[in-house]
Amino acid sequence: QVQLVESGGGSVEAGGSLRLSCTASQYTTYRVYSMGWFRRVPGKEREAVAVIDTDGGTMYEESVKGRFTISLDNAKVTTNLQMDNLKPEDTALYYCAIDNVRPVGDFYIAGPSRLGYWGQGTQVTVSS
């Protein structure tokens with residue numbers, strides 16, 4: 001059974017940094033996949049934050065460009081999200097996801113397919 005284990009959330013003051021990490025266990029069958037981070041604020045739609053595929057293609061939400069950096073360790077099926085210069089509006093529950101069906105662009109727009117997986121979420125809180 002594939003599981004996504006997330007870590008690295010927490011509370012920080014505006015301008016600070018956090019690093020989120022997500023590892024997919026039992027996901028060694030696939031050589032081509034997309035992995036990334038989405039976030040949800042209560043009362044708002046879920047939005048993609050940053051995604052990456054095994055070819056190194058990346059996509060970022062406009063407001064995090066230049067502040068967040070996503071990376072992928074293919075051998076460990078682990079993605080990291082380095083978040084710098086955090087702002088109060090970055091406060092959300094951040095979810096990791098993985099999918100081997102949708103191209104990275106579709107994965108960014110719609111999240112994983114029914115054959116993909118979601119993590120449990122990790123809270124990021126940025127105070128002003």
_The test is side-chain contact (heavy atoms from CB on, under 4.5 Å); show your working for Met83 and Leu20 and say whether it passes._
CA-CA 8 Å; Met83 305 186 294; Leu20 304 183; 3.7 Å; yes
Going by distance alone, is a donor N or O of one side chain under 3.5 Å from an acceptor N or O of the other, for [X] and [Y]?
X: Asp99; Y: Ser34; answer: no
X: Asp84; Y: Ser17; answer: yes
X: Asn80; Y: Gln82; answer: no

Exercise: identify the closest heavy-atom pair between [X] and [Y]:
X: Pro88; Y: Ser127; value: CG-C, 4.4 Å
X: Arg40; Y: Lys44; value: CG-O, 3.9 Å
X: Ala92; Y: Val41; value: CB-CG2, 3.7 Å
X: Ala14; Y: Ser128; value: CB-CA, 4.3 Å

Show me the donor-acceptor pairs, under 3.5 Å and distance only, between side chains in residues 2-12 and residues at least two apart or in other chains.
| residue | atom | partner | partner atom | Å |
| --- | --- | --- | --- | --- |
| Glu6 | OE1 | Gln120 | N | 3.2 |
| Glu6 | OE1 | Gly121 | N | 2.5 |
| Glu6 | OE2 | Cys96 | N | 2.7 |
| Glu6 | OE2 | Gly121 | N | 3.4 |

Is it true that [X] and [Y] fall in one hydrophobic cluster, defined by side-chain heavy atoms closer than 4.5 Å?
X: Trp118; Y: Met59; answer: yes
X: Tyr95; Y: Ile109; answer: yes
X: Leu81; Y: Tyr27; answer: yes
X: Tyr30; Y: Val32; answer: no
X: Val77; Y: Phe38; answer: no

Backbone of [Y] reached by a side-chain donor or acceptor of [X] within 3.5 Å:
X: Thr79; Y: Gly36; value: no
X: Arg102; Y: Gly111; value: yes
X: Asp73; Y: Ala75; value: yes
X: Thr78; Y: Lys76; value: yes

key: Within the 6.0 Å centroid threshold, strictly below: Trp37 and Phe68   = no
dist Ile98:CD1 -> Leu115:CG (nearest 0.5 Å) comes out at 12.5 Å
Exercise for review: Take Asp53 and Phe107 through the side-chain contact (heavy atoms from CB on, under 4.5 Å) test and state the conclusion after the steps.
Suggested key: CA-CA 10 Å; Asp53 66 14; Phe107 179 68; over 6 Å; no
Side-chain heavy atoms of Val101 within contact of Tyr33, under 4.5 Å:
no
query: Should Leu72 and Met35 be marked as a side-chain contact (heavy atoms from CB on, under 4.5 Å) after you check the CA-CA gap, both sets of side-chain angles, and the distance that decides it?
result: CA-CA 8 Å; Leu72 177 66; Met35 205 168 181; 3.9 Å; yes
Please lay out, stage by stage, how Glu47 and Glu61 fare under the test side-chain contact (heavy atoms from CB on, under 4.5 Å). CA-CA 8 Å; Glu47 65 176 359; Glu61 197 273 326; 4.1 Å; yes
From the list Thr69, Val51, Val49, side chain to side chain contact (heavy atoms under 4.5 Å, CB included) with Tyr60 holds only for Thr69
Asp90 meets the side-chain hydrogen bond (donor to acceptor under 3.5 Å, both in side chains) criterion, sequence neighbours left out, with Arg39, Arg67
